[in-house]
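Data block below; observations after.
Because the structure is a prediction, the values reported are computed rather than measured. Residue numbers begin at 1 in each chain, while the letters A, B, ... track the order of the sequences.
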Amino acid sequence: MDAMIDLKQLRENPARFALGAKAKNIPVDIERLLELDGERRRLQAEADRLRAEQNRLAKESGPQIGKLKGQLKGKHGPEAEALQKEIDALASRPIALKQAVQEMEARLASLEPSLREILLQVPQPPDADVPVGRSAEDNVELRRWSPPGFDPSAPFAAQRGFRPKSHLELVRDLGLADFERGVKLSGSRSYVLTGDGMNLHQAVLRYAADWMVYREGFRAMSVPVLVKEEAMVGTGFFPAGREQAYLVDEKSRSGGPEGYDLFLTGTGEVGLMGLHMDEILDESALPLKYVTVSTCFRREAGAAGKDTAGLYRIHQFDKVEQVVICRADEAESRAWHARMIGYVEAILRSLEIPHRLLQCCTADLGPKNADMVDIESWMPGRGEPGPDGSPTGAYGETHSASRLYDFQCRRLNMRYRSGGAKGHGETVFCHSLNNTVLASPRFLIPLLENHQNADGSVTIPGPLRPYMGGRERIGP
RNA sequence: GGUGAGGUGGCUGAGCGGUCGAAAGCGCCGGACUUGAAAUCCGGUAGGGGGCUCGUCUCCCUCGUGGGUUCGAAUCCCACCCUCACCGCCA
């Protein structure tokens, strides 16, 4: 069975996993898991013992049978009969054992599915320094930033001299998106980016990707967005997130058992992390720093009625994603987490987008994370309408930085050999981290809304201008 | 989509029913030689799981994956996955 969570650790300290699951509000029957594990180990030991005996007999009698068969060649009559009898006697010795082994194996096999099912559901326990909470409401703000001369907590109109438009109004008035035709083509939560909407979309993606590649030395990758189930399970998105993923049903289409289903990935993380599945890496190759820009697909099951309008919650978008795969060292992994968050903060500052960092509480972590920090960008057009009917603005999630220890790499069977240069040490599961660099078109919301002008135009922030043909503004 | 060949350790590649977890070469590690290095020589070198008297201990599993035949399978049979070559189609 593949490594999910470390069964040894679970046996030694089941409470840690039970409490961790509870803090995450994820139901999982650790008691039952321990029972099944114990039962399996008992059967395994017994089967091993029987098989060892069987092997011993076979090893003993094998060469003898071979020798006797050699003597049998060309012989006839009573002499041949005697030899044949001897051969049969030798051959029959392991038969009883064989049946016993088969029985044990059958019992073992019947145990595996339920064991595996539970094992796959056990979440990574949250780190001790993650605040315990019941929902996203209990996330804790770490810090916030806004460009000089603008304060998100004060009314937009008072500071900028006009009432802000929401991104919906901006994209309509400036001709940046066409929702009607998007819906015509693909149903709800679909859109078409038009003209400068598409230009801006490509500009921010390229800007973010270039930042990671040319400033931070990440390796640019194009990875599949259509992947096997293995990759979804390995990266920890399945089984819990199965409802969130689009399925390309190749299995039933073929009408037979051949072929397998494929899934559309909801993040480039799946492709990047899946790259080294089942590999043993050289320690000297670590850390691996990858960045990809990929189209992401999400069913948004369970989000019916939420954020139905505009570019916020949509089924398909593009995302620049960073992952780091490093040695199994908590301090190193924590340092990378901070650094990866720092890249995003720097990008947001360079684009003059007010934002804040949230330490996610235990309930908001999801099964795979030990720790997660969200970054929310200020969206002046979001939130409840104020007394004058214009939006008051709100922070909206645009980034999410996860620290996973070896949770993913266990599932992906992704290891390195420890022990210095070309070391001869043990194989160890890598640690992994991931963080959004920039997701668009959601990011167009804070970009357009924060940089809108009184005349309805939108100023293109300086760093994006090279990606927009040198232009300074969109609109009149 | 059609036809053919093939998937073996970090790599190349032999093995085609028993002593094979597996020849040989390369690579890598350790040692000898050397002022140092190269060359040479000697030795070592897959992964996973279990047991205890925890050790230069022991057992089990793994030769693409899953089944089957057999006393015994890397080797024979079936299905699937994948790779390569040629043909057809095609952004």
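- Positionally, the nearest nucleotide of RNA chain B for A/E105 lies more toward the 5' end than for the other of A/E105 and A/K228.
- Taking the six-membered ring where the residue is Trp, the centroids of A/F429 and A/Y416 are separated by 6.0 Å or more.
- Aromatic ring centres of A/F263 and A/F238: separated by under 6.0 Å.
- Each of A/R410, A/R411, A/R415 was checked for a side chain to side chain contact (heavy atoms under 4.5 Å, CB included) with A/N413, and the lone residue meeting it is A/R415.
- When all heavy atoms are compared, the tightest approach of A/T436 to A/T398 is CG2-O, 3.7 Å.
- In this structure, A/R299 pairs ionically with A/E243, as a charged nitrogen and a carboxylate oxygen lie closer than 4.0 Å.
- When the P atom is compared between B/rG6 and B/rC78, the two are found 14 Å apart, to the nearest whole Å.
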Below 3.5 Å, can you tabulate the donor-acceptor pairs from side chains in residues 223-233 of chain A to any protein atom, sequence neighbours excluded?
{"residue": "A/E229", "atom": "OE2", "partner": "A/R242", "partner atom": "NH1", "Å": "2.8"}
{"residue": "A/E229", "atom": "OE2", "partner": "A/R242", "partner atom": "NH2", "Å": "3.4"}

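- Taking atom P on both B/rG9 and B/rA22, the two are 14 Å apart, rounded to the nearest angstrom.
- Nucleotides B/rG4 and B/rC77 have their P atoms positioned 16 Å apart, rounded to a whole Å.
- Residues A/H276 and A/Y290 place their aromatic rings such that the two centres sit under 6.0 Å apart.
- Only the C1' atoms considered, B/rG47 is 42 Å distant from B/rC90, to the nearest whole Å.
- Pairing partner, B/rA85: B/rU3, with both Watson-Crick or wobble hydrogen-bond distances short of 3.5 Å.
- Look at the C1' atom in both B/rU62 and B/rU8: the space between them is 12 Å, to the nearest Å.
- Taking atom C1' on both B/rA5 and B/rG64, the two are 16 Å apart, rounded to the nearest angstrom.
- With rounding to whole Å, A/E230 atom CD is found 12 Å from B/rC82 atom C1'.
- A distance of about 15 Å separates the P atoms of B/rU19 and B/rC63, rounded to the whole Å.
- Remark: P of B/rC60 and CZ of A/R42 are 22 Å apart, rounded to the nearest angstrom.
- Between A/R334 and A/D127 there is a salt bridge, since at least one side-chain N of the basic residue sits less than 4.0 Å from a carboxylate O of the acidic one.
- In this structure, A/R442 forms no cation-pi arrangement with A/F317, as its terminal cationic atom is not both closer than 6.0 Å to the ring centre and no more than 45° off the ring axis.
- B/rA91 is unpaired under the criterion used here, namely a Watson-Crick or G-U wobble arrangement in which both key atom distances are under 3.5 Å.
- Judged by Watson-Crick or G-U wobble contacts below 3.5 Å, the nucleotide B/rU53 has no partner.
- Place A/Q102 and A/A47 on RNA chain B by their nearest nucleotides, and A/A47 ends up nearer the 5' end.
- Listed for the A/D329 side chain is a donor-acceptor partner under 3.5 Å among the backbone atoms of A/E332.
- With hydrogens and angles ignored, the 3.5 Å screen pairs no side-chain donor or acceptor of A/N369 with any backbone N or O of A/M372.
- Using N1 to N3 plus N6-O4 or O6-N4 for Watson-Crick, or N1-O2 and O6-N3 for G-U wobble, each under 3.5 Å, B/rA46 pairs with B/rU62.
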Detail all sub-3.5 Å separations between protein N/O atoms and N/O atoms belonging to nucleotides 50-52 of chain B.
{"residue": "B/rG50", "atom": "OP1", "partner": "A/R11", "partner atom": "NH1", "Å": "3.4"}
{"residue": "B/rG50", "atom": "OP1", "partner": "A/R11", "partner atom": "NH2", "Å": "3.3"}
{"residue": "B/rG51", "atom": "OP1", "partner": "A/R41", "partner atom": "NH1", "Å": "3.0"}

Can you name the atoms? Protein N/O to nucleotides 62-65 of chain B N/O, anything below 3.5 Å, with the distance.
none

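- Summarising the base pairing, B/rU19 is matched to no nucleotide, lacking a Watson-Crick or G-U wobble pair whose two defining distances lie under 3.5 Å.
- When both pairing distances are held under 3.5 Å, B/rU40 makes a Watson-Crick or G-U pair with B/rA32.
- Of the nucleotides present, B/rG68 is the one that pairs with B/rC76 by Watson-Crick or G-U wobble criteria, both distances under 3.5 Å.
- If you take atom P in B/rU40 and the same atom in B/rC57, they sit 33 Å apart, rounded to whole Å.
- The partner of B/rU12 is B/rA24, judged by Watson-Crick or G-U wobble contacts that both fall below 3.5 Å.
- To the nearest angstrom, C1' of B/rG49 lies 12 Å from CG of A/L108.
- Heavy atoms of A/R415 sit under 4.0 angstrom from primed sugar atoms or phosphate atoms, though from no base atom.
- Between the P atom of B/rG9 and the CD atom of A/E279 lies a distance of 14 Å, rounded to the nearest Å.
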